[in-house]
Amino acid sequence: YEVGLIKDLPFPSLSPNQESRLREIALSAARAAKALQVNADETTNAFTAPACLGEPSAASIRSVAEGQIRSAESWWANLASSTAEIDEIVCEALGFSEDDRRVLVEELEPPVQTFSPQWDPSNDDLLAKAYLTKDPVAGDRLPGGVEAERDVRVNTRRKKQVGVRSLDALCRLFEASPGALIGARRRLGIIRESDVLGAAASLFSYAVGVVFGRWDVRLAHSTPDLDPFASPTPNPRGGLINAGREVPWAPPIGYPLRIAPDGILVGDEGHPDDIVNRVREVLHLLWPRNAEGIEIEACTALGTTSIRQYFARPGKAGFWDNHVRRYSKSRRQAPIYWLLQSPRGLYQAWLYLHRLDRDTLYKLLGPAYLGGKLQRVRQELSDLRPGGALKPGISRSDEKRVEALEDLLVDLEALESKLKVATQLKDELGQMVGWIPDLDDGVLLCAAPLHEVIPWPVKKKFQGRTVSELEACWL
């Protein structure tokens with residue numbers, strides 16, 4: 001299909017001036033398109049850090065979101081202008097007449113640059129509604145009036161929307177040029193709460209990546225490489241750890257933060273590798289004077305009472321659910337930070353995909369993490385009830401503490417048991433080989449032996465098989 005389509009396309013002869021200008025504009029358009037992708041998507045190869053973290057005005061999550069919106073608006077306007085000029089050069093080269101151009105506009109709609117460069121202030125309140133909501137907008141107050149709704153495209157834009165309206169749709173809705181629309185939005189200070197939420201979620205995702213060594217925090221204030229012809233690298237350009245997983249690994253001398261050496265973080269308050277405290281270290285590095293305020297504002301935007309609750313919540317609106325969606329495309333889901341949790345969720349561990357090896361589970365079970373937690377819980381229980389009986393005269397608060405410790409111990413032991421099962425996997429000859437993660441197998445198959453401790457947002461399947469059935473591939 002693609003070969004046939006391209007074969008039938010007319011390729012006009014270009015003059016030297018047209019060819020030179022077309023090359024220049026195409027490069028500008030490609031840079032703009034790459035910027036729009038890189039600034040908003042940490043899964044891209046050229047990503048270094050969320051946009052606008054280094055701006056002096058980015059003193060709050062809302063100001064970071066506003067900076068990201070402004071950056072996206074500017075790049076989109078650049079892209080729209082470039083594509084319109086490319087179309088004009090091609091029309092000239094093909095020798096289009098005025099009638100040809102009129103048909104082209106009728107079929108494809110006019111470029112947004114041809115709309116009015118002046119914004120009508122009487123549309124301010126309608127812009128706020130159209131920008132912030134998916135609700136229908138009154139056609140009698142829009143350019144063209146209700147008569148314009150004879151065009152199915154106009155009628156569709158004015159109806160209730162499935163998603164928020166794009167800048168292109170808003171320009172066409174109000175028949176305003178990109179500059180006029182963007183200027184009005186900035187003058188009114190309109191900002192979507194979903195953009196603030198997205199900025200907060202992106203910040204926490206970036207901070208976790210910094211702690212694991214995926215991102216180099218020294219590049220947080222740098223400008224990403226927008227060369228559209230830059231060769232892809234094996235690792236993200238903003239990365240610190242080599243995804244090849246060379247062992248041993250250590251951060252560069254003088255690096256400003258501690259990195260999780262085993263690729264393991266835990267949800268265990270007071271632990272040296274507690275994910276919450278480690279993320280706070282990143283926030284304090286980025287915002288030395290206002291880290292606590294940034295944390296509170298981010299949690300408010302995310303609808304959670306605390307950063308610990310955000311990371312501990314395995315379901316919707318928690319970090320794990322956000323991370324799985326962030327690293328999913330179409331039917332492919334490939335989270336790089338794996339959440340392992342006990343049956344009741346009283347203990348959680350996070351594994352970094354690119355630091356996994358056959359010793360990862362043994363390290364997690366060892367004294368530095370789960371094993372040490374079990375030992376401390378058992379010791380505290382032993383102190384409160386020596387010989388299996390409560391100490392005489394124990395307070396009511398200590399009694400409640402004993403009950404909580406007993407529940408925690410049962411939960412931890414259940415997690416330990418499930419992890420040990422994964423370390424005792426056998427090959428087809430019956431030889432015990434344990435869990436040997438191979439990323440070439442894909443995330444779902446690689447994680448299959450751990451399916452009982454990974455709270456996937458929905459029951460996972462792989463080519464019609466559940467994760468439980470995939471586990472059989474290992475047995």
Qualifying residue for ring pair (Phe, Tyr, Trp, His ring centres under 6.0 Å) with F204, from Y337, F319, Y310: Y310
Search all heavy atoms of [X] against all heavy atoms of [Y] and return the closest pair with its distance.
X    : Y    : answer
A130 : R165 : O-NH1, 3.2 Å
A169 : R157 : O-CD, 3.9 Å
R332 : A334 : NH1-CB, 3.7 Å
S81  : Q113 : N-NE2, 2.9 Å
W320 : W338 : CZ3-CA, 3.9 Å
L181 : C171 : CD2-SG, 3.6 Å

Partner set under side chain to side chain contact (heavy atoms under 4.5 Å, CB included) for E413, not counting sequence neighbours: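 L374, R378, L409.
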Just how far is it from atom [atom1] of [X] to atom [atom2] of [Y], taken to the nearest 0.5 Å?
X    : Y    : atom1 : atom2 : answer
L356 : D438 : CG    : CG    : 11.0 Å
L36  : L79  : CG    : CG    : 6.5 Å
D357 : K363 : CG    : NZ    : 4.5 Å
N39  : F47  : CG    : CZ    : 9.0 Å
R325 : D321 : CZ    : CG    : 4.5 Å
I454 : L351 : CD1   : CG    : 7.5 Å

Please check if the side chain of [X] supplies one atom and the backbone of [Y] the other of a donor-acceptor pair under 3.5 Å.
X    : Y    : answer
R186 : R70  : yes
T423 : K420 : yes
D274 : D268 : yes
S342 : D411 : no
Q309 : G318 : no
H323 : I336 : yes
R185 : L127 : no
Y255 : V217 : yes
E297 : R62  : yes
S71  : G67  : no

Check whether any side-chain heavy atom of [X] lies under 4.5 Å from a side-chain heavy atom of [Y], and answer yes or no.
X    : Y    : value
V137 : L173 : yes
S202 : Q68  : no
V279 : L265 : no
W119 : F174 : yes
L257 : V282 : yes
P50  : W215 : no
L285 : V210 : no
L450 : W435 : yes

Under-4.0 Å salt bridge between R376 and E380: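 Salt bridge: no.
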Decide if atom [atom1] of [X] counts as having more than 12 heavy atoms of other residues, nucleotides or ligands within a radius under 6.0 Å.
X    : atom1 : answer
Q375 : CD    : no
R153 : CZ    : yes
I253 : CD1   : no
K400 : NZ    : no
E109 : CD    : yes

Distance-only donor-acceptor check, side chains S205 and N322, under 3.5 Å: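 No, N322 and S205 have no side-chain donor paired with an acceptor closer than 3.5 Å.
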Chi angles and distances behind the side chain to side chain contact (heavy atoms under 4.5 Å, CB included) call for D273, D262: CA-CA 10 Å; D273 287 318; D262 301 319; 5.9 Å; no
Within 45° cone of Y131 ring axis and under 6.0 Å: R192 NZ or CZ: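 The answer is yes, since R192 meets both limits relative to Y131.
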Stepwise side chain to side chain contact (heavy atoms under 4.5 Å, CB included) check, L340 with L364: CA-CA 10 Å; L340 278 58; L364 179 57; 4.0 Å; yes
Candidate pair R355 and T360, rule side chain to side chain contact (heavy atoms under 4.5 Å, CB included), full reasoning: CA-CA 8 Å; R355 300 303 293 168; T360 296; over 6 Å; no
Criterion side chain to side chain contact (heavy atoms under 4.5 Å, CB included) on F311 and L339, from CA distance to verdict: CA-CA 10 Å; F311 282 102; L339 170 60; over 6 Å; no
Passing candidate, side-chain contact (heavy atoms from CB on, under 4.5 Å) with E295, options V276, I61, L283: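 Only one of V276, I61, L283 forms a side-chain contact (heavy atoms from CB on, under 4.5 Å) with E295, namely L283.
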Pairs involving residues 256-277, ordered by first then second residue, that meet ring-ring contact (aromatic ring centres under 6.0 Å, His included) (sequence neighbours left out): H271-Y369
Of all pairs that satisfy ring-ring contact (aromatic ring centres under 6.0 Å, His included), the ones with a partner from residues 59-86, not counting sequence neighbours: none
Side chain to side chain donor-acceptor pair (under 3.5 Å) between N277 and E281, intermediate numbers included: CA-CA 6 Å; N277 288 334; E281 290 176 6; over 6 Å; no
